[in-house]
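Structure first, then comments.
Below, chains carry the letters A, B, ... as their sequence lines are ordered, and counting in each starts from 1.
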Number of protein chains: 2
Amino acid sequence: MLTKQELDEHWAQAREIYLNHISIDCVVFGFHEGQLKVLMLKSNNEEAWYLPGGFVLNEEPIEQAANRILKERTGIDEVFLRQFHVFGDPNRTKFHNEAYKENAFFNQRFISIGYYALVDFVDVKPMPDAFSEICTWRDLNDLPTFQLDHEHIFRTALDTLRLQLNYQPIGYNLMPQEFTMPELQKLYETILDKKLDRRNFQRRILAFGILDKLEQTRKGGAHKAPYLYSFNLENYQAALTEGLQGGW
Amino acid sequence: MLTKQELDEHWAQAREIYLNHISIDCVVFGFHEGQLKVLMLKSNNEEAWYLPGGFVLNEEPIEQAANRILKERTGIDEVFLRQFHVFGDPNRTKFHNEAYKENAFFNQRFISIGYYALVDFVDVKPMPDAFSEICTWRDLNDLPTFQLDHEHIFRTALDTLRLQLNYQPIGYNLMPQEFTMPELQKLYETILDKKLDRRNFQRRILAFGILDKLEQTRKGGAHKAPYLYSFNLENYQAALTEGLQGGW
DNA sequence: TACAATTGTGTACCAATTACACCTTCGTTT
DNA sequence: AAACGAAGGTGTAATTGGTACACAATTGTA
């Protein structure tokens, strides 16, 4: 944790250590208790929430910068992280610039590269940044007011995720090591915001060949115990690069 | 056309009028005589070709910058133009920086936003920029040596285009007003680099409902005259936003 | 007028998706 | 301990979509 003075010095140097005009914003998706969550921070100054973000060091690849930023807010590394869009409207940080005008670094236009991440909820240790008092998961059904254009960024990420679902396997990054078929289905239903047929979902997802059926079942519920599954990493990776299906 | 001196003055001011560290590169696809083409420029100094590119003015939205750059090289406007990836490796312009080291503006790291465009070949009037002697279409089967990471940028754009083909109608921007079914099929085959069944292609593309069959046929070939089609703009736009098909 | 080449159209077959039903198993209830 | 409710496991018929073909029609040319 940095002191106020160290922070001031950091931002005073920011124009020298970071690339000017470029920022990164991350939409971090997690899944917990049947709900899709997004990691957000609450601004110190106002009743507005924003997405984890940061800047690119002078000699740092942008993918590495995104990873670094993610790690700073979550403590985790080596996660599913993809750029999905660049937000380059000159007015997108107008309000921001006013609020932080005492900070010279923020007094410039930023073009933000949007990344979205899929992470295992339980691995994340949310950590606030220098401008926030709270860093926590927000339920997609109970989203707060967003700062700047972060609602637009979030919405674009969600749309991208839904589209990706059609030709990329997802779940490995969002589910625990072992999970049941109904739990995986709930993930898909939550992302798509749509009910799926239990039997058809199972057949289709199994046909992809990315799951291993385990011997054990999950006892405890007041009903028939479902089988446990885990992802077959080899096939999963293959499906990631190949794409699940073609069109033409 | 600017004189050498005007150019020098322009680049001397570049750090003030353009956002530093940010560039835009465009992969412009055209289709002519059954061949897919990409617009490229040949460097004055070396035997290397590069993609149309440029920079973002201080208060300019990036989409507008991409459009401006495209118009400067082609003369056309209001075309299909989509960002597809950001290239942010710190070494990507290393060679570039050396070659242009007398130009202060180029002596910095650039993160490049990649756009791809689909344009009607005949509308384009290729115009060289300040660093090129030639601006012209290059056949995808006969590509030159690329400068910097432009081969990677081009390849990523082509992969994106192929993927988009699965859930977006394309063709309106690449085909003339009226065209025959075999001509449209050739476009798809060229993009995908794959033969398609004539009859199945026709059934499938017609099922999308984005084509209007015209009364006339195209005479002239030494064979049965094919019907002419045009795109139904209303349905085409709808398909663009809706996506041609879903997965889940 | 016959021919070669190309287009228009149709159909049988297989694969994938959809819409369902029935049985099994778990903890709970009585 | 037997019955029950609720959820999971598995199967199948009907429909849709995709693939692989064949044949007739039309064009300019030989």
Side-chain angles (χ1 to χ4, degrees), chain A residues 33-34 162 165-169 171 175-176 178-190 192 194-230 239 242-248, chain B residues 33-34 162 165-169 171 175-176 178-190 192 194-230 239 242-248:
Chain A
E33 292 180 346
R162 284 179 177 157
L165 220 53
N166 292 328
Y167 57 91
Q168 295 245 295
M175 300 297 286
E178 300 182 347
F179 52 89
T180 67
M181 196 57 79
E183 285 165 357
L184 183 61
Q185 183 181 337
K186 192 76 171 67
L187 170 64
Y188 273 72
E189 290 182 335
T190 307
L192 295 167
K194 177 160 97 176
K195 275 261 159 240
L196 299 174
D197 184 276
R198 195 165 59 85
R199 295 146 283 192
N200 296 335
F201 175 80
Q202 168 144 329
R203 186 142 24 104
R204 188 160 166 184
I205 206 96
L206 286 176
F208 292 152
I210 55 172
L211 294 183
D212 289 333
K213 185 174 186 171
L214 308 180
E215 297 298 320
Q216 325 122 37
T217 54
R218 167 157 301 166
K219 304 261 181 178
H223 313 290
K224 178 165 182 180
Y227 283 99
L228 288 171
Y229 291 85
S230 67
E242 304 269 320
L244 287 174
Q245 58 213 1
W248 287 99
Chain B
E33 292 179 348
R162 283 179 178 159
L165 219 54
N166 292 327
Y167 57 92
Q168 296 246 294
M175 300 295 288
E178 299 181 348
F179 52 88
T180 67
M181 195 58 78
E183 285 165 358
L184 183 60
Q185 183 181 339
K186 191 78 172 70
L187 170 64
Y188 272 72
E189 290 182 336
T190 307
L192 295 167
K194 176 160 97 176
K195 275 261 160 239
L196 299 173
D197 183 277
R198 194 166 60 83
R199 295 148 281 191
N200 296 335
F201 175 81
Q202 167 143 330
R203 187 142 29 99
R204 189 162 166 182
I205 206 97
L206 285 177
F208 292 152
I210 56 172
L211 294 183
D212 289 333
K213 186 173 186 172
L214 307 180
E215 296 299 319
Q216 325 123 36
T217 55
R218 168 156 301 166
K219 304 262 182 179
H223 312 292
K224 177 166 182 177
Y227 283 99
L228 287 172
Y229 291 84
S230 67
E242 304 270 320
L244 287 176
Q245 59 211 1
W248 287 99

### Task
Please confirm whether B:Lys213 makes a cation-pi placement over B:Tyr227, using NZ or CZ under 6.0 Å from the six-membered ring centre and within 45° of the ring normal.
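Ring-cation test returns yes.
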### Message
A side-chain contact here means heavy atoms from C-beta on lying under 4.5 Å apart; do A:Thr217 and A:Lys224 qualify?
### Response
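They are not in contact (no side-chain heavy atoms under 4.5 Å apart), so the answer is no.
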Interatomic distance where [atom1] belongs to [X] and [atom2] belongs to [N] [whole Å]:
{"X": "A:Leu228", "N": "D:dG9", "atom1": "CG", "atom2": "P", "value": "10 Å"}
{"X": "A:Asp197", "N": "D:dT10", "atom1": "CG", "atom2": "P", "value": "15 Å"}
{"X": "A:Phe201", "N": "C:dT18", "atom1": "CZ", "atom2": "C1'", "value": "16 Å"}
{"X": "B:Arg199", "N": "C:dA12", "atom1": "CZ", "atom2": "P", "value": "15 Å"}
{"X": "B:Asn200", "N": "C:dG8", "atom1": "CG", "atom2": "P", "value": "15 Å"}
{"X": "B:Arg218", "N": "C:dG8", "atom1": "CZ", "atom2": "P", "value": "12 Å"}
{"X": "A:Leu214", "N": "D:dG9", "atom1": "CG", "atom2": "C1'", "value": "16 Å"}
{"X": "B:His223", "N": "D:dA30", "atom1": "NE2", "atom2": "C1'", "value": "14 Å"}

### Query
On DNA chain D, nearest-nucleotide positions of A:Ala222 versus A:Arg203: which is more 5'?
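The residue mapped nearer the 5' terminus is A:Ala222.
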### Query
Where each residue is assigned the nucleotide of DNA chain D containing its nearest heavy atom, which of B:Ala225 and A:Thr180 is assigned the position nearer the 5′ end?
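Nearer the 5' end of the strand: A:Thr180.
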### Task
Dump the intermediate steps for salt bridge (Lys or Arg N to Asp or Glu O under 4.0 Å) on B:Lys194 and B:Glu189, then the final yes or no.
CA-CA 5 Å; B:Lys194 176 160 97 176; B:Glu189 290 182 336; over 6 Å; no
### Message
Could you go through A:Arg218 and A:Glu178, starting from their C-alpha distance and side-chain angles, then the distance that decides it, and tell me whether this counts as salt bridge (Lys or Arg N to Asp or Glu O under 4.0 Å)?
### Response
CA-CA 10 Å; A:Arg218 167 157 301 166; A:Glu178 300 182 347; 5.8 Å; no
### Query
With respect to the phosphate group of D:dT27, does any side-chain polar atom (N or O) of B:Lys219 fall under 4.0 Å of OP1 or OP2?
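Indeed, a polar side-chain atom of B:Lys219 lies that close.
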### Query
Does OP1 or OP2 of D:dC4 have a side-chain N or O of A:Lys224 closer than 4.0 Å?
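For D:dC4, neither OP1 nor OP2 has a side-chain N or O of A:Lys224 closer than 4.0 Å.
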